[in-house]
Protein chains: 2
Amino acid sequence: MAADRQERSGARRGGTSYDVARAAGVSQSAVSRCFRPGTSVAPGTRARIIAAADALGYHPNAIAQSLITRRSNLVAVIISNLTNLYYPEVLAELTQQLSERGARVLLFALRSESEIDSVLDLVWRYQVDGAIVAAQLSTEQMLAFAARGTPLVLYNRHSTTVPVASVSCDFGAGSALIAGMVAAGCRAFGLIGGPPDSAVGEARVEGARAELARAGIAPVAVDRGDFSYESGHAAAHRLFAAYHLDAIVAANDVMALGAMDAARIDLAIRIPDDLSVVGFDGVAPAKWRSYLLTTIRQPVRRMTAAATAMLFERIENLDLGPERRFFPGDLIRGATARLG
Amino acid sequence: MAADRQERSGARRGGTSYDVARAAGVSQSAVSRCFRPGTSVAPGTRARIIAAADALGYHPNAIAQSLITRRSNLVAVIISNLTNLYYPEVLAELTQQLSERGARVLLFALRSESEIDSVLDLVWRYQVDGAIVAAQLSTEQMLAFAARGTPLVLYNRHSTTVPVASVSCDFGAGSALIAGMVAAGCRAFGLIGGPPDSAVGEARVEGARAELARAGIAPVAVDRGDFSYESGHAAAHRLFAAYHLDAIVAANDVMALGAMDAARIDLAIRIPDDLSVVGFDGVAPAKWRSYLLTTIRQPVRRMTAAATAMLFERIENLDLGPERRFFPGDLIRGATARLG
DNA sequence: CTGTTAGCGCTTTCAA
DNA sequence: TTGAAAGCGCTAACAG
């Protein structure tokens, strides 16, 4: 049987630990140990093994390792809207942070939320060690993670039905921003929210509404977009056609930029003199000199670091409870809002 | 031994095909067949198995499948600069197209090109079926793919030393664009290239230079950036400080936008009256009303579809030769260049 | 420190 | 159509 193995090995891709063992004149398990941290191998043996492995171009088969250790070192990252301009930065950071901890990213980019079930099937099949999800999961879907013992961390999402670990950016500095706008004299606020089913969008609209209420102001109108530039542009046009506004608060930067352009380019409204516009996220284009948007920047690095840390804590210790971590956004003063 | 297996199974995550087999009163291999397409299982048996599997929440273990079939259904996607604004769209499309063909994306986002070697180690370990790479690989690195029989498709990159499959966007429409600018009277061209080691950047600069040469014009100056807005902005400032220009050609849109803002905002140069600015890519912000950049849009969908198709052809047929596929960019007329 | 051995969960002949 | 059996490449006791 051992002979049998030897006959057929060394075929196509890089060779197996048996090939290395044979070349180095040691047992296969010696090779295994040699590539495993914290195992004891005599220096001389190790050198012979490494030499043989290099000569053969051997790399341990992670698939086989996963099967036996029950650790795939794979983390599923599920993102609903990759083209959202804000997510690439999140994804880049997550990938980086996960790599540093030795995990690989299995990426799932949803085109529509309805794809989630089929994505989860794949997530189960690949035995991922955990998942970071920036998409809306149903209660059953979250329970499925719990049932299978797969750690889950939500990113900028939250569940009211199932206790689950999550990181979010709170509206915190948003309140100060709106208070500042009121102090500067803004009274007629138009809000541009996200789609009705977007938790992030709703939270921001509600945050703005609450802060306005504190000043005894009710928004003049609330319109909605889908977080895209075009939708912000269109929403702003609808708002201006119906109301006189002196402030627009958008649920994300890209819609705010669309609204800005609708106002200043199409309608010749001066910003910030006659209209203040603010967004949320702190995406790169908001800083561009044609915009200089006043906004709340999410601390992406800290948030992704927290998400990664929370995930790993739960991978190490499966029965760690839920936890919700909030991060305050930073106010970017920009040049599109008068602040008191 | 079989009894042994049964004792310890059904532990934590979802259960194994043995659990399903036991619950359905069939052999484990029947369960295996039931989940494999094109295998013969009696309708009644299949129904019992499916019922048992559903009850147990069974999902076949893709890791174990990969080990035995030597097909991981994993494709490595290696991208050098995820925050590049152009790549998110590419990544979203690739992920989509690969999913449709049943492949999963193992994402590697490089912070610097020097990380490639350690990434490749992981690529080998995970036994990916193939790789799509939008990063600069060395000759040895490409040869390693060949040596291991791992299909490789380069995206917007190309090798002059090793024959390898690739898709790129050719400068094609760029020539017409530059010819149009010359026809409209532009004479003093400033070029903003990418970093010296960027093949894409060089190709575009060379394309522009060649087309200008055809009109008997040499560029007044060539500066460089790193494809970021800030670098385009800075490069434009350096150019304007030293030369009088009536046209700027940037190697990508984002630098073109930075250059535009340097010109029109900082220096009050009128665009397109006194200065034409063009870019390359067709990213979303180029279409925003504050910019309306004249540019060449890469046909991302077609390019990613081609990359995916080429990769799968090579996964099915390992000794398919190299092939280079070019796609023409579409001219987006925008409003930032006078065209003859 | 090193080798032997028994599987991880699955696919795949091969007989029945 | 179904089941038994032999591994895929590796890890992890366990002896030596």
Side-chain angles (χ1 to χ4, degrees), chain A residues 1-22 24-49 53 56 58-73 124-127, chain B residues 1-22 24-49 53 56 58-73 124-127:
Chain A
M1 191 171 88
D4 217 43
R5 246 179 203 144
Q6 295 184 7
E7 313 270 17
R8 55 179 80 181
S9 57
R12 167 165 302 139
R13 350 233 279 185
T16 76
S17 56
Y18 276 93
D19 301 316
V20 177
R22 188 147 28 91
V26 297
S27 75
Q28 178 273 335
S29 57
V31 178
S32 173
R33 277 185 220 109
C34 185
F35 281 90
R36 208 115 265 276
T39 41
S40 44
V41 185
T45 315
R46 157 161 275 127
R48 287 217 313 291
I49 294 176
L56 293 170
Y58 170 76
H59 297 255
N61 183 327
I63 297 289
Q65 290 177 317
S66 305
L67 185 57
I68 194 163
T69 59
R70 288 134 182 295
R71 265 277 231 150
S72 62
N73 290 311
W124 309 142
R125 287 176 185 244
Y126 275 88
Q127 317 290 115
Chain B
M1 190 171 90
D4 217 42
R5 246 179 204 144
Q6 295 185 7
E7 314 271 18
R8 54 179 80 178
S9 56
R12 168 166 299 140
R13 350 231 281 183
T16 77
S17 56
Y18 277 92
D19 302 314
V20 176
R22 189 147 26 91
V26 297
S27 74
Q28 179 273 336
S29 55
V31 177
S32 172
R33 277 186 218 106
C34 185
F35 281 89
R36 208 112 265 273
T39 40
S40 44
V41 185
T45 314
R46 156 161 276 126
R48 287 215 315 290
I49 295 175
L56 293 171
Y58 170 75
H59 296 256
N61 182 326
I63 297 289
Q65 291 177 318
S66 305
L67 184 57
I68 194 163
T69 60
R70 287 135 182 295
R71 263 275 231 156
S72 62
N73 289 310
W124 310 140
R125 287 176 185 244
Y126 275 88
Q127 317 289 115

(message) Just the rounded figure in Å: distance from P of C:dC10 to CD1 of B:Ile49.
(response) 13 Å
(request) Using a heavy-atom cut-off of under 4.0 Å over every strand shown, decide if B:Thr45 touches base, sugar-phosphate, or nothing. (result) sugar-phosphate
(message) Can you tell me which nucleotide in C:dT2, C:dT5, C:dG3 comes closest to the side chain of A:Gln28?
(response) C:dT5
(request) Could you pick out which residue, A:Thr39 or A:Ser29, lies toward the 5' side of DNA chain C when each is mapped onto its nearest nucleotide? (result) A:Thr39
(request) Using only side-chain N and O atoms of B:Ser17, determine if any of them is under 4.0 Å from OP1 or OP2 of C:dC10. (result) yes
(message) Over all strands shown, is B:Val26 touching base, sugar-phosphate only, or nothing at heavy-atom distances under 4.0 angstrom?
(response) sugar-phosphate
(message) Nearest whole Å is fine: how far is C:dG3 C1' from A:Tyr18 OH?
(response) 11 Å
(message) Looking at B:Ser27, I'd like to know whether one of its side-chain N or O atoms comes within less than 4.0 Å of OP1 or OP2 on D:dG3.
(response) yes
(message) Rounded to whole Å, how long is the line connecting atom CG of A:Leu67 with atom C1' of D:dA12?
(response) 14 Å
(request) Establish, with yes or no, whether the OP1 or OP2 oxygen of C:dC10 is under 4.0 angstrom from a side-chain nitrogen or oxygen of B:Gln65. (result) no
(message) Without decimals, in angstroms, what is the distance between B:Tyr126 OH and D:dG9 C1'?
(response) 14 Å
(request) State, with a plain yes or no, whether a side-chain heavy atom of A:Gln65 is found less than 4.5 Å away from one of A:Pro60. (result) yes
(message) Taking only side-chain N and O atoms of A:Arg70, does any of them lie within less than 4.0 angstrom of OP1 or OP2 on C:dG9?
(response) yes
(request) Respond yes when some side-chain nitrogen or oxygen of B:Tyr58 is under 4.0 Å from OP1 or OP2 of C:dC10, and no when none is. (result) yes
(message) Measuring from atom CD of A:Gln127 to atom CD1 of A:Ile63, what distance do you get when rounded to the nearest 0.5 angstrom?
(response) 10.5 Å
(message) Could you tell me how far apart A:His59 (NE2) and D:dG9 (P) are, to the nearest whole angstrom?
(response) 16 Å
(message) Looking at D:dT11, I'd like to know if its phosphate oxygens (OP1 or OP2) sit under 4.0 Å from a side-chain N or O belonging to A:Arg71.
(response) no
(request) For residues A:Val31 and A:Thr16, determine if any side-chain heavy atom of one lies less than 4.5 Å from a side-chain heavy atom of the other. (result) no
(request) Using atom CD of A:Gln127 as one end and atom P of C:dC10 as the other, report the distance to the nearest whole Å. (result) 8 Å
(request) Report yes if some heavy atom in the side chain of B:Tyr126 is under 4.5 Å from a heavy atom in the side chain of A:Asn73; otherwise report no. (result) yes
(request) Report the distance from atom CD1 of B:Ile68 to atom C1' of C:dC10, rounded to the nearest whole Å. (result) 5 Å
(message) Taking salt bridge (charged side-chain N to carboxylate O under 4.0 Å, His left out) as the definition, give me every residue that meets it alongside B:Arg33, ordered by chain and number, with sequence neighbours left out.
(response) none
(message) In whole Å, I'd like the distance from the CG atom of A:Asp19 to the P atom of D:dC8.
(response) 11 Å
(request) Would you kindly compare B:Ala42 and B:Ala64 by the position of their nearest DNA chain D nucleotide and give the one closer to the 5′ end? (result) B:Ala42
(request) Would you mind classifying the nucleic acid contact of A:Arg33 as base, sugar-phosphate or nothing, using non-hydrogen atoms under 4.0 angstrom? (result) base
(request) Looking at every strand, decide which applies to B:Thr69 at a 4.0 Å heavy-atom threshold: base, sugar-phosphate, or nothing. (result) sugar-phosphate
(message) Any base atoms under 4.0 Å from B:Val31, or only sugar-phosphate, or nothing? Heavy atoms, all strands.
(response) nothing
(request) Calculate, to the nearest 0.5 Å, the distance between atoms NE2 and OG belonging to A:His59 and A:Ser17 respectively. (result) 14.0 Å
